[in-house]
Amino acid sequence: MDNSVTNGSGMDEQHTPQRRIGSGFGATSTADDVLRGVDLTGKLAIVTGGYSGLGLETTRALAGAGAHVVVPARRPDAARESVADLGGAVEVDELDLGDLASVRGFAERFLAGGRTVDIVIDSAAIMACPETRVGPGWEAQFATNHLGHFALVNHLWPAIEPGGARVVSVSSRAHHFSGIRWDDVHWRRDYDKWGAYGQAKTANALFALHLDRLGRDRGVRAFSLHPGGILTPLQRHLPKQEMVDRGWIDEDGTPLNPQGFKTPEQGAATQVWAATSPRLDGMGGVYLEDCDVAEPAVEGDPSGGVRDWATDPEQAARLWALSAELTGVDAFAAS
């Protein structure tokens, strides 16, 4: 496969450097930790996947700080059950990110209410699934994790721009597995579930990079991030034996919580920090991890940092153009 990339150098003076800022938080911080003293009363957040795993913890933390949270869900009945204890602070609507008509329908219903958005957290994802095709034959991980969120944010732009929102794209350290496979983005050849997942997570980072470039003069900033390794329903497509072999669970299915894994409360921290921290005012477009701006990855070391193919502005612009062509939506087309 062709993962060759170039490290772009065309960023302008407004670009935020990809280096740590010393946030005061770290890998063990929780979402509640980073929101301590933060009042989100009157703020509206949209959290995809906000009813399961770290998405649910994100919803709980934001609602606990006073925000009203909208949770778009592929399984709305299950979502309502998951967030029932949060009462009126959370509302649920139907959204299937793998279905562009569903994405458009959710956006139209939301926009009809005339509300503005302060926070968008694109947290929903599928991981390492068997080869699956959605829509016009698109690879499911690229389509769901990236194209669905791309279409959602662009459709919601009339509510995002007036709110001067922060848009948070949940990527992963799995972006180390693959850059964008430009000659076969839908993996019609030699499908590899982890390579396809890695490409989708690279796409999440490039999406935030270019959205920030397009939106910052209008007051909208975007970030991508690695939340950490977390045992959640995201692993539902992995065979039990694969997780045993990786040391994640024992033969009885009990999580082993090996060193480096986070709790869902810790896993939600970086995306909540990205969405709310005043330390990030005036910044954007960067990839975060452990509640701080990440450093560039060191070649041959997969333990942290961000690969150059996920921070390349030329590839980010190329992916934006491709995504707009595939989805038929681009809020900036006339700009």
Side-chain angles (χ1 to χ4, degrees), residues 1-8 18 49 53-54 97 122-134 138-150 169-209 224-239 241-243 245-248 258 260-262 267 270-271 286-290 294-312 315-316 318-319 322-323:
M1 64 182 176
D2 179 12
N3 284 335
S4 61
V5 294
T6 57
N7 187 20
Q18 189 69 56
L54 65 91
L97 287 164
D122 294 332
S123 186
I126 55 175
M127 181 180 77
C129 61
E131 184 172 0
T132 306
R133 301 286 157 186
V134 300
W138 295 343
E139 192 280 312
Q141 295 181 87
F142 184 73
T144 301
N145 300 357
H146 168 61
L147 291 176
H149 283 123
F150 174 91
S169 181
V170 180
S171 179
S172 167
R173 189 169 294 164
H175 82 274
H176 285 234
F177 298 162
S178 178
I180 303 299
R181 185 167 147 141
W182 292 110
D183 63 337
D184 186 21
V185 295
H186 294 300
W187 291 77
R188 294 187 171 94
R189 303 187 315 271
D190 305 320
Y191 178 77
D192 176 80
K193 66 182 183 181
W194 286 111
Y197 181 62
Q199 175 187 248
K201 295 290 98 179
T202 291
N204 291 150
L206 292 174
F207 166 68
L209 176 60
S224 64
L225 62 97
H226 170 52
I230 309 131
L231 291 173
T232 72
L234 184 63
Q235 285 83 25
R236 62 186 175 275
H237 292 294
L238 297 182
Q241 192 57 50
E242 182 173 349
M243 292 191 283
D245 293 344
R246 288 174 176 269
W248 296 355
F261 271 71
K262 296 184 179 185
T270 301
Q271 57 205 60
V286 286
Y287 173 96
L288 316 173
E289 62 184 359
D290 294 338
E295 295 285 339
V298 176
E299 186 66 33
D301 180 4
S303 64
V306 58
R307 296 296 298 263
D308 57 2
W309 59 56
T311 58
D312 184 334
Q315 293 205 44
R318 182 180 179 184
L319 179 63
L322 173 64
S323 304

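Computed from a predicted structure; not experimentally measured.
For T144, the side-chain contact (heavy atoms from CB on, under 4.5 Å) criterion is met by L97, I126, not counting sequence neighbours. Here D192 pairs with nothing under the salt bridge (charged side-chain N to carboxylate O under 4.0 Å, His left out) rule; sequence neighbours left out. With sequence neighbours excluded, the residues forming a side chain to side chain donor-acceptor pair (under 3.5 Å) with Q271 are T58, S123, listed by chain and number. Listed by chain and number, the residues in a salt bridge (charged side-chain N to carboxylate O under 4.0 Å, His left out) with E131 are R133 (sequence neighbours excluded). Scanning for side-chain contact (heavy atoms from CB on, under 4.5 Å) contacts around A203 gives F142, H146, I180, L319, with sequence neighbours left out. With sequence neighbours excluded, no residue satisfies side chain to side chain donor-acceptor pair (under 3.5 Å) with Q18. In terms of the ring pair (Phe, Tyr, Trp, His ring centres under 6.0 Å) criterion, H149 has no residue partners (sequence neighbours excluded). Evaluation of the side chain to side chain donor-acceptor pair (under 3.5 Å) rule for S172 yields no partner, not counting sequence neighbours.
Side-chain contact between N204 and S224 is absent, with no heavy-atom pair separated by less than 4.5 Å. W187 has its side chain out of reach of Q141: every pair of non-hydrogen atoms, C-beta onward, lies at least 4.5 Å apart. Residues E289 and T270 have side chains not in contact (no heavy-atom distance under 4.5 Å, counting atoms from C-beta outward). Under the 4.5 Å side-chain criterion, counting only non-hydrogen atoms from C-beta, Y287 is in contact with S171.
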key: Verdict with supporting geometry, K201 and F177, side chain to side chain contact (heavy atoms under 4.5 Å, CB included)   = CA-CA 9 Å; K201 295 290 98 179; F177 298 162; over 6 Å; no

request  = Mind running side chain to side chain contact (heavy atoms under 4.5 Å, CB included) on V170 and D122 for me, showing each step along the way?
outcome  = CA-CA 6 Å; V170 180; D122 294 332; 5.8 Å; no

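Pairing each heavy atom of V134 with each of A143, the nearest pair is CG2-CB, 3.4 Å. When every heavy atom of P227 is checked against every heavy atom of G267, the shortest pair comes out as CB-O, 3.4 Å. Of all non-hydrogen atoms in G305 and A294, the two that sit nearest each other are CA-CB, 4.4 Å. Here the closest non-hydrogen pair linking A316 and L206 is CB-O, 3.5 Å. Between A297 and H176, the shortest heavy-atom distance links the atoms CB-CE1, 3.8 Å. Across all non-hydrogen atoms, the minimal contact from K193 to C129 is CB-O, 3.5 Å.
Judged by distance alone, the side chain of D184 and the main-chain N or O of R189 form a donor-acceptor pair under 3.5 Å. Although no hydrogens or angles enter the test, the distance criterion places a donor-acceptor pair under 3.5 Å between the side chain of T132 and the main chain of P130. Of the possible donor and acceptor atoms, one in the side chain of H186 sits under 3.5 Å from a partner among the backbone N and O of E139.
For the pair E299 and R307, the salt-bridge criterion is met [side-chain N within less than 4.0 Å of a carboxylate O].
Going from atom CZ of F207 over to atom CG of L147 covers 10.5 Å, rounded to the nearest 0.5 Å.
Side chains of W182 and Q315: a donor-acceptor N/O pair is present below 3.5 angstrom, by distance only.
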